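Taking it in order: structure first as structure tokens, then the write-up.
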Amino acid sequence: MAVWTLGLNHRTAPIDLRERFAFASDHLVTSLQGLRRSLETHKEVAILSTCNRTEIYCAGEQVQWRQTLKWLADIGESQVDSLQSHIYRLEGDASARHAFRVASGLDSMVLGESQILGQFKDAVRLAADSGALGTTLNQLFQRSFAVAKEVRTATDIGAHSISMAAASVRLASQIFENIKDAHVLFVGAGEMIELCVAHFAAKSPRSITIANRSADKADLLAAMHGGRSIALADLPARLPEFDVVISCTASTLPLIGLGAVQRALRARKNRPMFMVDLAVPRDIESEVKNLSGVYLYTVDDLKQVIQSGQSYRQEAVAEAEIIIDQGVHKFMAWLEQRSHVPLIQELNLQADAWRQTELSRARKRLEKGDSVDSVLEALSMGLVKKMLNGPLRELNHPSSDQREKSLVAVKQFFLND
């Protein structure tokens with residue numbers, strides 16, 4: 001089986017390109033089915049889609065770059081040629097190493113962050129539930145999770161980590177002298193927003209408000225931090241009330257448009273607004289960034305703040321890479337052994353056929369009244385002759401080179417203590 005990975009991430013593609021290849025969770029099963037149909041012969045697939053990366057993991061009888069790339073380009077309504085410079089292609093041990101590094105947080109914008117592991121597990125669970133996984137990818141992913149756990153427990157890779165949530169608070173503090181005077185709005189109620197709310201709540205802002213499609217989730221999150229919730233439909237009218245807006249939803253279309261922000265600025269008499277869009281695709285129209293009085297940041301804009309603490313973790317990275325190298329070696333050894341499975345199955349079938357033949361003869365002799373000892377002697381001799389027939393024939397092969405190889409093999413198989 002061949003294993004290969006094709007993807008694009010925050011290092012290879014800007015956000016305006018990445019958002020075209022972001023997969024909505026409710027469409028992933030359909031996408032997995034379409035990807036499988038685009039590949040030839042036996043295939044296993046999984047798709048990992050986050051705000052910073054979209055990656056396709058595949059396993060099949062042979063690598064199928066052309067089909068995989070064409071399918072991805074079609075999904076993003078792009079030309080294959082224009083996509084080439086933004087993607088990475090990995091196969092074999094490089095594909096395994098990449099999966100292990102992603103799961104361990106070594107390939108994340110926030111070095112050592114743990115959120116990616118949960119996202120990876122969700123992607124694998126969805127692929128398994130939809131029937132897109134097989135033995136090979138399942139083994140790759142389970143080993144990835146085990147390696148990630150070892151990296152996190154055996155190294156300090158998560159120490160000194162500055163998350164996107166923490167980076168958002170830092171930037172907001174640069175715009176407003178005192179966060180305690182700010183009214184903060186959070187759009188969404190997923191894991192990322194939960195982290196952001198916790199970070200901002202620690203700074204005791206004047207108010208915390210949650211806007212979300214699900215009122216129950218918004219109410220629960222707001223209650224946890226002494227805030228309030230509003231309906232998502234009320235967002236345009238209520239926008240002028242807020243100094244800080246943090247948005248991260250799974251919407252495929254922007255929720256906050258240029259016109260809504262312009263009206264909010266007029267109502268605020270041009271008092272500044274700090275906005276962070278952590279969603280891919282983006283929740284806030286990109287043109288908002290050009291408005292005077294608006295400080296809009298996307299996930300790509302947060303890189304510099306996030307990476308400021310990474311120098312402290314280089315020793316942990318080196319330790320993690322050693323653990324990952326060991327994991328890759330073990331996976332590739334397992335994958336190589338898998339290539340021998342058909343031969344092992346054939347060998348077992350042949351041995352069982354010999355066994356059945358000798359048992360049939362033994363039963364017939366017992367029915368005729370032959371003694372048990374003579375029947376057992378004949379059965380054992382029959383099995384021994386069948387087992388040794390092939391090796392003895394090869395030891396008498398006309399070719400001296402073949403005889404020499406057979407000699408080594410026979411000693412290894414039959415005479416090695």
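Values in this document were obtained by computation on a predicted structure and should not be read as measured data. Atoms considered below: every heavy atom in the structure, side chains included; atoms not considered: hydrogens, waters and symmetry mates.
Results of the side-chain hydrogen bond (donor to acceptor under 3.5 Å, both in side chains) test with R18 over N9, T50, T54, D300 single out D300 as the only residue that passes. The side-chain contact (heavy atoms from CB on, under 4.5 Å) with L185 is formed by just one residue from the set I230, V244, I246; it is I230.
Under the 4.0 Å criterion applied to side-chain N and carboxylate O atoms, R11 and D107 are assigned as salt-bridge partners. Remark: E61 does not engage K43 in a salt bridge, criterion side-chain N to carboxylate O under 4.0 Å. Taking a cutoff of 4.0 Å between a charged side-chain nitrogen and a carboxylate oxygen, E321 and R101 qualify as a salt bridge. At a threshold of 4.0 Å, the pair R228-D219 does not count as salt-bridged, since none of the basic side-chain nitrogens sits closer than that to a carboxylate oxygen. Here D370 does not pair with K364 in a salt bridge; the nearest charged N to carboxylate O distance is not below 4.0 Å. The pair K70-D74 meets the salt-bridge criterion, with a side-chain N (NZ, NE, NH1 or NH2) lying under 4.0 Å from an Asp/Glu carboxylate O.
Side-chain atoms of R361 and L379, non-hydrogen and from C-beta on, never get closer than 4.5 Å to each other. No side-chain heavy atom of T298 sits under 4.5 Å from any side-chain heavy atom of V276. Residues L111 and V317 meet the side-chain proximity criterion, which asks for heavy atoms closer than 4.5 Å. Side-chain contact between R338 and Q139: absent, with no pair of heavy atoms (C-beta onward) separated by less than 4.5 Å. When side chains are defined from C-beta on, V102 counts as touching I116, because their heavy atoms get closer than 4.5 Å. Using a 4.5 Å heavy-atom cutoff, the side chains of M275 and I256 are in contact.
Annotation: F414, atom CZ; neighbour count of heavy atoms from other residues, nucleotides and ligands within 6.0 Å is above 12. Within 6.0 Å of CD on Q356 lie more than 12 heavy atoms contributed by other residues, nucleotides or ligands. The neighbour count for M387 CE, taken as heavy atoms of other residues, nucleotides or ligands under 6.0 Å away, is above 12. Summarising the local packing, NE2 of H397 is surrounded by more than 12 heavy atoms from other residues, nucleotides or ligands at distances under 6.0 Å. Atom CZ of R213 has 12 or fewer neighbouring heavy atoms from other residues, nucleotides or ligands inside a 6.0 Å radius.
Between atom CG of residue L106 and atom OG1 of residue T155 there is a gap of 8.0 Å, rounded to the nearest 0.5 Å. Summarising the geometry, atom CZ belonging to F200 is positioned 9.5 Å from atom CD1 belonging to I208; distances are rounded to the nearest 0.5 Å. Interatomic distance, L239 CG to Q262 CD, rounded to the nearest 0.5 Å: 12.0 Å. Atom-to-atom distance recorded for K405:NZ and S400:OG is 10.5 Å, nearest 0.5 angstrom. Separation of atoms SG (C58) and CZ (R36) is listed at 10.5 Å; rounding is to 0.5 Å. Between N212 atom CG and S229 atom OG the span is 9.0 Å, to the nearest 0.5 Å.
A donor and an acceptor atom, one from each side chain of Q67 and E40, are located under 3.5 Å apart. One side chain, Y88 or E55, offers a donor N or O that lies under 3.5 Å from an acceptor on the other. Between the side chains of S78 and R20, at least one donor N or O sits under 3.5 Å from an acceptor N or O. Between the side chains of S108 and E113, a donor-acceptor pair is found at a separation under 3.5 Å. Of the N and O atoms on the side chains of N138 and T135, not one donor lies less than 3.5 Å from an acceptor on the other residue. With 3.5 Å as the limit, one finds a donor-acceptor pair spanning the side chains of T249 and D283. A donor-acceptor contact under 3.5 angstrom links the side chains of S374 and S371, judged on distance only. Between the side chains of Q33 and R37, no donor-acceptor pair of N or O atoms lies under 3.5 Å.
Remark: side-chain polar atoms of S406 are not paired, donor with acceptor, to backbone N or O of L395 under 3.5 angstrom. No donor-acceptor pair closer than 3.5 Å links the side chain of T12 to the backbone N or O of L8. Listed for the K303 side chain is no donor-acceptor partner under 3.5 Å among the backbone atoms of V110. Checked by atom type and distance alone, the side chain of R152 pairs as donor or acceptor with a backbone atom of G112 at under 3.5 Å. At distances below 3.5 Å, not a single donor-acceptor pair connects side-chain atoms of Q64 with backbone N or O atoms of L39.
Geometric assessment of R89 against the ring of W4 yields a negative cation-pi assignment under the 6.0 Å and 45° thresholds.
Remark: F176 engages no residue in a ring pair (Phe, Tyr, Trp, His ring centres under 6.0 Å) (not counting sequence neighbours). When the ring pair (Phe, Tyr, Trp, His ring centres under 6.0 Å) test is applied to F120, the partners found at least two apart in sequence or on another chain are Y57, F141, F145.
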Chi angles and distances behind the side chain to side chain contact (heavy atoms under 4.5 Å, CB included) call for L171, L302: CA-CA 9 Å; L171 287 172; L302 298 180; 3.2 Å; yes

Chi angles and distances behind the side chain to side chain contact (heavy atoms under 4.5 Å, CB included) call for I323, F100: CA-CA 10 Å; I323 296 172; F100 293 174; over 6 Å; no

Steps toward side chain to side chain contact (heavy atoms under 4.5 Å, CB included) verdict (N52, V280): CA-CA 8 Å; N52 285 327; V280 178; 5.8 Å; no

Salt bridge (Lys or Arg N to Asp or Glu O under 4.0 Å) between D301 and K289, intermediate numbers included: CA-CA 12 Å; D301 297 324; K289 194 166 190 174; 2.9 Å; yes

T5/I56 under side chain to side chain contact (heavy atoms under 4.5 Å, CB included): CA gap, chis, key distance, verdict: CA-CA 6 Å; T5 304; I56 298 171; over 6 Å; no

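The shortest non-hydrogen separation linking E44 to G134 is OE1-N, 3.0 Å. The heavy-atom pair separating S286 from R282 by the smallest distance is CB-NH1, 3.7 Å.
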